[in-house]
Amino acid sequence: MEKDYVPNRSGLNYFLWAISMKYNLWTGLYCLEPWERNLFNVCLIIILSMSVYTTSLFMPGYISTFLSVSCSLLAHISSLLFNSTETIAVCRDSMETASP
């Protein structure tokens, strides 16, 4: 029976080996055959990359919309509380520069 490979307990090799072992244990991949493990990892990488791409594509629009709505809401609340038009002017200027 072969002894499992364990690198020296110092350096980057041991750290990467330990992370790999923890990943296999936490996800239950140690029960799978190597080709099944590779298939699972490829599917996981594809799903994560698609999520990152979609997030980077749509997040700026969501943030812009959120900021414009929250700025106008803040301006309305501050004008009601303080009878101030300064906040409204600042928000109006920031929305004009942010619009395409």
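No hydrogens, no waters, no symmetry mates; every other heavy atom, side chains included, goes into these values.
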*Asks:* Do Y53 and I47 land in one hydrophobic cluster if side-chain heavy atoms of ILVMFWY residues count as linked below 4.5 Å?
*Replies:*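 No; I47 is not reachable from Y53 via cluster members.
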*Asks:* Could you give the distance from CG (L67) to CG (L74), rounded to the nearest 0.5 Å?
*Replies:*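 Here the rounded value is 11.5 Å.
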*Asks:* Tell me, with the steps shown, if L32 and L39 meet side-chain contact (heavy atoms from CB on, under 4.5 Å).
*Replies:* CA-CA 10 Å; L32 301 177; L39 181 65; over 6 Å; no
*Asks:* For S68 and T65, indicate whether the former's side chain and the latter's backbone hold a donor-acceptor pair under 3.5 Å.
*Replies:*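 Yes: the side chain of S68 pairs with the backbone of T65.
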*Asks:* Let me confirm one number: the CG-CE distance from L29 to M21, rounded to the nearest 0.5 Å.
*Replies:*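 Interatomic distance, L29 CG to M21 CE, rounded to 0.5 Å: 10.5 Å.
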*Asks:* Could you state the interatomic distance from CD1 (I19) to OH (Y14), rounded to the nearest 0.5 Å?
*Replies:*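 Going from CD1 on I19 over to OH on Y14, the span is 10.5 Å.
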*Asks:* Hey, what do you get for SG (C71) to CZ (F66), rounding to the nearest 0.5 Å?
*Replies:*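 It comes to 11.0 Å.
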*Asks:* Quick one: pull up CG in N13 and CH2 in W17 and give me the separation to the nearest 0.5 Å.
*Replies:*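 The CH2 atom of W17 is 11.5 Å from CG of N13, to the nearest 0.5 Å.
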*Asks:* Do L48 and Y23 sit in the same hydrophobic cluster, where Ile, Leu, Val, Met, Phe, Trp and Tyr count as joined when their side-chain heavy atoms come under 4.5 Å apart?
*Replies:* yes
*Asks:* Does S64 reach the main-chain N or O of P60 with its side chain, forming a donor-acceptor pair under 3.5 Å?
*Replies:*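 Here the side-chain-to-backbone pair does not exist.
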*Asks:* What's the separation between atom OG in S51 and atom CD1 in I46, rounded to the nearest 0.5 Å?
*Replies:*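 These two atoms lie 11.5 Å from each other.
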